[in-house]
Amino acid sequence: MTELCGIPLAGPVLNGSGTFDAIAARHAFGDAVLERFPFHAFVSKTITLAAREGNPPPRLWETPAGLINSIGLPNKGLEGFLGLDLPELAELPVPLIVSVMGFSLDELATLVRRTGERDEVALIELNVSCPNVETGLVMGADPAETARAVERVRPLTDRPLIVKLTPNANDPAAVARAAEQAGADAVSLINTLKGMALAPRTARPWLGGTTGGVSGPAVRAIALEQVRSVTTVVAIPVIGMGGIATGGHAADFLSAGATCVAVGTENFRDPAAGLRIAAELGEPAAV
Amino acid sequence: MKVADEPRTLAPPRRRTAHVTAVERLGAYHLVRALDSGGPQDPQPGQFYMLSTDERWGGGADERPYLPRAFSHARAREGELSFLFEVVGPGTARLAELRAGEGLALVGPLGLGWRPPREGTRPVLVGGGIGTAPLLCWQDELGPEATLLLGFRSAAHAEAASLFVGRPEVATDDGSAGRQALVTDLLREQLDADPVATVFACGPPVMLEAVRLLCAEFAVPAQLALESGMACGFGACFGCVVPTKEGYIRLCVDGPVLDGERLESALLGGAGH
């Protein structure tokens with residue numbers, strides 16, 4: 001049994017936001033995916049206030065032991081999510097964490113307030129790996145910007161708030177401390193590392209979005225160090241992720257002080273990766 | 001959840017191991033056969049599987065492959081799946097090294113396959129190169145009334161035509177087998193002679209675009225099986241989107257077979273690197 005910000009979970013294995021679509025999975029696998037759900041809590045793909053189409057393809061590039069994605073946060077927007085997706089996600093047998101991103105503090109406030117008033121939502125994750133259009137700064141790259149975002153939305157909901165830290169910051173531990181002091185209930189890390197690839201023949205950027213985020217086993221050593229550096233400076237729970245593909249990898253993140261772990265890219269290779277990793281940790285299945 | 005009557009057989013929600021029974025060379029291509037006792041026996045023609053190997057998937061040149069690779073099955077008979085492929089990169093190179101008795105890791109069947117031809121029309125199956133693979137099981141299902149038009153680079157590639165029932169019409173780029181022509185030349189002649197058809201096509205993007213335009217010209221319904229680089233195959237990564245008239249769609253859950261009418265162009269498909 002694991003407890004995350006007062007929410008009891010059957011175990012510590014989550015999914016990274018945007019690495020498992022529970023609704024699409026039901027189309028491909030049917031209700032069998034609910035009968036043995038791979039995660040102890042489910043994190044939604046990031047939603048934004050307005051609907052987004054996402055980046056032009058190509059969106060993927062395979063790297064040594066990993067991949068670069070340049071997806072661009074396609075989603076139905078807040079209203080589409082609340083009306084279409086949330087009723088389906090409410091049927092999942094585990095607590096729901098909704099990931100939100102605002103391009104301004106006002107947008108972020110609206111997203112937190114509206115998702116936080118829904119009973120189906122157990123926790124809210126703030127994806128702060130985006131530029132604030134008002135300041136031009138990436139919220140999560142700077143301790144003061146992160147603190148301003150958390151202070152703004154903290155009074156708007158009684159749901160626990162998780163801040164998803166970006167590794168593309170000078171000092172992720174300082175950002176984690178700032179988030180904690182501003183009222184965050186947990187932090188999660190790492191998000192993807194910024195990267196790019198050139199097309200073999202043209203030497204022009206391969207990805208439609210020019211740059212993307214690197215994930216997979218290639219980033220695991222970096223993630224483990226960042227998780228340990230954060231757990232040593234904050235008292236709130238830490239959700240650790242980055243290239244976890246086995247129970248042994250997950251155990252390393254827990255040993256580094258994480259309360260929960262999240263499986264990301266490995267879900268792409270095996271939709272039951274979460275179940276396998278939980279079993280290898282000696283944890284029960286979610287259901 | 002499941003839309004009624006869609007050509008989608010559900011996959012078990014986990015990666016499993018099929019046991020390789022044979023790997024054969026077929027001219028320029030390889031054909032892997034594997035016994036899939038853990039999966040459904042009735043994948044729909046046009047659906048696909050994400051393939052990797054149990055052992056040594058990764059660790060090759062540049063530490064690739066890492067992600068599984070998407071392939072439509074060529075045939076599924078009594079639990080034995082067969083996949084036709086050409087070695088073009090580290091993933092297909094590793095698959096070609098498989099030997100009988102080894103494990104083929106797979107997730108599938110995935111996606112939406114071919115839908116039946118419009119009533120009262122003759123099915124015309126158009127394949128280009130390795131794109132002939134998902135037409136094999138579709139021909140098996142449609143029976144002898146289906147017309148087969150196949151295009152290849154050369155005679156070595158055209159050996160894949162021997163997998164089909166009967167005698168498909170073959171064109172090659174260099175004239176080393178069949179006629180020296182493009183498969184779309186064969187299709188134009190076919191539609192000129194008999195425009196009451198439903199066209200099913202799979203092949204490279206340039207061929208699919210030519211098929212799409214021809215079918216629009218003859219006002220013939222076209223179903224096109226596209227390809228796009230995929231990380232997962234079941235809607236998780238949003239990496240395989242293709243542009244349609246309704247915006248981007250995920251080819252893995254809404255395709256890989258799409259009605260030609262939904263596309264502005266078929267040129268934007270294409271596999272990974």
Side-chain angles (χ1 to χ4, degrees), chain A residues 15 18-38 45 51 53-75 88 91 197 199-200 206 208 212 215-218 264-265 267-273 275-276, chain B residues 1-3 6 8-16 47 50 52 57-69 89-91 105-112 228-243 247-254 268-273:
Chain A
N15 63 295
T19 66
F20 195 90
D21 182 331
I23 297 171
R26 276 180 84 178
H27 283 280
F29 306 123
D31 287 348
V33 75
L34 302 188
E35 286 151 20
R36 278 177 63 75
F37 196 69
K45 191 164 170 60
E53 270 265 75
N55 288 340
R59 292 178 169 185
L60 302 172
W61 175 271
E62 185 179 76
T63 70
L67 84 152
I68 316 176
N69 81 77
S70 175
I71 308 298
L73 302 170
N75 76 98
E88 291 200 47
E91 295 176 20
W206 170 269
S215 66
T265 311
N267 295 321
F268 299 158
R269 305 193 332 150
D270 180 3
L275 278 172
R276 173 168 51 77
Chain B
M1 293 293 300
K2 190 165 181 286
V3 179
E6 62 179 16
R8 187 197 304 274
T9 295
L10 299 181
R14 69 191 68 87
R15 185 175 60 196
R16 61 187 185 273
Q47 284 195 289
M50 298 301 289
S52 55
W57 189 257
D62 203 24
E63 297 298 324
R64 295 174 62 211
Y66 167 67
L67 298 165
R69 305 295 197 247
L106 52 82
V107 177
L110 297 164
L112 283 166
S228 179
M230 293 178 184
C232 67
F234 48 90
C237 75
F238 284 74
C240 66
V241 295
V242 294
Y248 290 135
I249 62 164
R250 284 172 285 181
L251 198 65
C252 66
V253 285
D254 295 323
L268 287 156
H273 62 100

Does any backbone or side-chain atom of [X] lie under 4.5 Å from a heavy atom of chain B? Answer side chain, backbone, both or neither.
X	result
A:Thr265	both
A:Arg36	neither
A:Asn55	backbone

Proximal component of B:Val107, with respect to chain A [non-hydrogen, under 4.5 Å]:
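Only the side chain of B:Val107 comes within 4.5 Å of chain A.
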Given heavy-atom pairs under 4.5 angstrom as the criterion, report whether the side chain, backbone, both or neither of B:Arg250 touches chain A.
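When you check distances to chain A, only side chain atoms of B:Arg250 fall under 4.5 Å.
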Starting at NE2 of A:His27, measure out to CZ of B:Arg8 and round the result to the nearest 0.5 Å.
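If we round to the nearest 0.5 Å, A:His27:NE2 and B:Arg8:CZ are 7.0 Å apart.
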When rounded to the nearest 0.5 angstrom, what is the spacing between SG in B:Cys237 and CG in A:Leu60?
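Output value for this atom pair is 5.0 Å.
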Strictly distance-based, threshold 3.5 Å: is any side-chain N or O of A:Arg269 a donor or acceptor partner for the main-chain N or O of B:Tyr66?
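Pair found, side chain donor or acceptor close to backbone of B:Tyr66.
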Please give me the minimum heavy-atom distance between B:Phe234 and A:Ala28, naming the atom from each residue.
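Heavy atoms of B:Phe234 and A:Ala28 come nearest at CB-CB, 4.0 Å.
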Can you tell if the side chain of B:Tyr248 reaches within under 4.5 Å of the side chain of A:Pro56, non-hydrogen atoms only?
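A side-chain contact under 4.5 Å exists here.
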Would you check if A:Asp21 and B:Phe238 make a side-chain contact, meaning some heavy-atom pair closer than 4.5 Å?
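Yes, at least one pair of side-chain atoms sits under 4.5 Å.
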Chain B: which of A:Ala272, A:Gly66, A:Pro200 shares the most heavy-atom pairs with it under 4.5 Å?
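If we count pairs closer than 4.5 Å to chain B, A:Gly66 comes out on top.
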Pick whichever of [options] has the most heavy-atom pairs under 4.5 Å with chain A.
options	answer
B:Pro65, B:Ala105, B:Gly111	B:Pro65
B:Gly108, B:Gly247, B:Ser52, B:Cys252	B:Gly247
B:Arg16, B:Met50, B:Glu63	B:Glu63

A:Asn267: partners by side chain to side chain donor-acceptor pair (under 3.5 Å), with sequence neighbours left out:
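Side chain to side chain donor-acceptor pair (under 3.5 Å) check on A:Asn267 returns A:Thr19.
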Which residues pass the side-chain contact (heavy atoms from CB on, under 4.5 Å) test with B:Ala11, sequence neighbours left out?
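Once residues adjacent in sequence are excluded, the partners of B:Ala11 under the side-chain contact (heavy atoms from CB on, under 4.5 Å) criterion are A:Phe29, B:Pro109, B:Leu110.
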